[in-house]
Student: 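Got a structure here, written out as structure tokens. Questions coming.
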Amino acid sequence: MGTDKKRRGMDWARFDRADEIATGFLLWLVVGISAAYAVFVGLDWILRRQVTLVDVPLEVADGAAGTGRVVGMPQGDVLVEDVAVGEFALLMTPMLIGIAATVWGAVLLTRLLHDLGRGEPFSRTSVRRLRLLALLLVVVPIGTDLFLSIATSQILGARDASAFAFEVSFGPVVTGLLVAAVAQAFASGAKLRADVDGLV
């Protein structure tokens, strides 16, 4: 009876086909939402030749807050009209790079989930996928945020408005470091598995 309970517990913890399908669906849903936002921005420009620049640094007068004074860097969304093709391409480049990296990461995770479903997580291929995913999480957000800041500054600068702000999103960086740590654990598991197979 105790063995049956242990077996049921192990079956519950096992990553099966249903788990793979559910996780993959949620993963590609996120990718689809990201792509849909890019399509929305593109359609907005095609139909009205305008774009909305988000998190733009704003100058606020000392008395704007009523009592007291404004501290920090106020930000807001700026609607820019009559955006040229070159300006739109400059603005869309980091977004498309981010979407491409998201799709790439989703493919890597999908294949990793497939290996988990087969009960073969500890392999050199899985380690390479995790390390590449960690690299994407650390490098791509920083690069795209910097590119987007430059594009925003160029578009506003062409209209005699000076604004440049670059902030590092630490969430993806921390996540990338955690994935790198998991990759190292998988590498140790793959080495241990190779040693066991060698003994057999």
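If you're wondering where the values come from, they're calculated on a predicted model, not measured in any experiment.
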Student: Restricting to non-hydrogen atoms, name the atom on A183 and the atom on L130 that form the minimum distance, rounded to 0.1 Å.
Tutor: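 Scanning both residues, the minimum pair turns out to be CB-CB, 3.5 Å.
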
Student: Which heavy atom of V138 sits nearest a heavy atom of L177, and at what distance?
Tutor: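 Scanning both residues, the minimum pair turns out to be CG2-N, 4.4 Å.
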
Student: Would you give the length of the straight line joining atom CG of L113 to atom CG of L27, rounded to the nearest 0.5 angstrom?
Tutor: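 Going from the CG atom of L113 to the CG atom of L27 covers 7.0 Å.
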
Student: Quick one, I99 with Y37, criterion side chain to side chain contact (heavy atoms under 4.5 Å, CB included). Give me CA distance, side-chain angles, the key distance, then yes/no.
Tutor: CA-CA 10 Å; I99 292 175; Y37 176 74; over 6 Å; no

Student: Using the side chain to side chain contact (heavy atoms under 4.5 Å, CB included) rule, take V80 and V78 through it: C-alpha gap first, then chi angles, then the decisive distance, then the call.
Tutor: CA-CA 6 Å; V80 182; V78 178; 4.0 Å; yes

Student: Could you see if V54 belongs to whatever hydrophobic cluster contains L148? Use Ile, Leu, Val, Met, Phe, Trp, Tyr and a side-chain cutoff under 4.5 Å.
Tutor: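 No, it is not one cluster - the side chains of V54 and L148 are not joined through contacts under 4.5 Å.
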
Student: Could you tell me the separation between the CD atom of Q154 and the CG atom of L90, rounded to the nearest 0.5 Å?
Tutor: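 So the gap between those two atoms works out to 6.5 Å.
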
Student: Could you give the distance from CG (L91) to CD1 (I150), rounded to the nearest 0.5 Å?
Tutor: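 Separation between the atoms: 12.5 Å.
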
Student: The criterion is side-chain hydrogen bond (donor to acceptor under 3.5 Å, both in side chains); which residues satisfy it with R111, sequence neighbours excluded?
Tutor: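 Once residues adjacent in sequence are excluded, R111 has no partner under the side-chain hydrogen bond (donor to acceptor under 3.5 Å, both in side chains) criterion.
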
Student: Less than 4.5 Å apart, any side-chain heavy atom of R48 and any of E81?
Tutor: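 Contact flag for R48/E81 side chains = no.
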
Student: If we count only N and O atoms by modelled type, under 3.5 Å, do the side chains of S123 and S126 hold a donor and an acceptor together?
Tutor: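 There is such a pair (donor and acceptor under 3.5 Å, judged by atom type) between the side chains of S123 and S126.
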
Student: Under 4.5 Å between side-chain heavy atoms, hopping through other hydrophobics if needed: is there a path connecting I97 to V173?
Tutor: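 In one cluster: no.
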
Student: Within 45° of the axis and under 6.0 Å from the centre of the six-membered ring of W45, does NZ or CZ of R49 qualify?
Tutor: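 Judged by the rule (NZ or CZ under 6.0 Å from the ring centre, within 45° of its axis), R49 counts as positioned above W45.
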
Student: Could you grab the distance from atom CG of L146 to atom OG of S149, nearest 0.5 Å is fine?
Tutor: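 Going from CG on L146 over to OG on S149, the span is 6.5 Å.
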
Student: Indicate yes or no: at least one non-hydrogen side-chain atom of L133 is less than 4.5 angstrom from one of W104.
Tutor: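 L133 vs W104: side chains apart.
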
Student: Please report the shortest heavy-atom distance between P172 and P141, naming the atom on each side.
Tutor: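 Smallest heavy-atom distance, with atoms named: CB-CG, 3.6 Å.
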
Student: Working note: T93 + F88, criterion side chain to side chain contact (heavy atoms under 4.5 Å, CB included); need CA distance, chi angles, decisive distance, verdict.
Tutor: CA-CA 9 Å; T93 298; F88 178 71; over 6 Å; no

Student: Do V127 and L178 share a hydrophobic cluster (ILVMFWY, side-chain heavy atoms under 4.5 Å, transitive)?
Tutor: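 No, no single cluster joins them.
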
Student: Quick one: do V41 and L47 end up in the same hydrophobic cluster if we chain Ile, Leu, Val, Met, Phe, Trp and Tyr together by side-chain heavy atoms under 4.5 Å apart?
Tutor: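 Not linked; separate clusters.
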
Student: With a 4.5 Å heavy-atom cut-off, do D115 and R129 have their side chains touching?
Tutor: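 Answer yes - side chains close enough.
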
Student: For the atom pair CH2 (W28) and CD1 (I33), what is the distance rounded to the nearest 0.5 Å?
Tutor: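 If we round to the nearest 0.5 Å, W28:CH2 and I33:CD1 are 13.5 Å apart.
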
Student: Flag the pair E87 / R159 as yes when at least one side-chain heavy-atom distance between them is below 4.5 Å, and no otherwise.
Tutor: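 The answer is yes; the side chains approach within 4.5 Å.
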
Student: Mind checking whether T144 and M95 have side chains closer than 4.5 Å, heavy atoms only?
Tutor: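 No. Closest side-chain heavy atoms not under 4.5 Å.
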
Student: Looking only at atom types and distance, does a side-chain atom of T175 sit under 3.5 Å from a main-chain N or O of G171, one as donor and one as acceptor?
Tutor: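 Checking the backbone N and O of G171 against the side chain of T175, a donor-acceptor pair under 3.5 Å is found.
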
Student: Do D77 and L53 come close enough that some side-chain heavy atom pair is under 4.5 Å?
Tutor: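 They are not in side-chain contact.
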
Student: If two hydrophobic side chains count as joined below 4.5 Å and joins carry through other members, does M92 share a cluster with I46?
Tutor: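 Same cluster.
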
Student: With sequence neighbours left out, what residues match T125 under side-chain hydrogen bond (donor to acceptor under 3.5 Å, both in side chains)?
Tutor: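 With neighbours one apart ignored, the set is R128.
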
Student: Please report the shortest heavy-atom distance between P94 and F147, naming the atom on each side.
Tutor: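 So the minimum-distance heavy-atom pair works out to CD-CD2, 3.7 Å.
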
Student: I need the L26 CG to I21 CD1 distance, nearest 0.5 Å.
Tutor: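 Separation between the atoms: 12.0 Å.
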
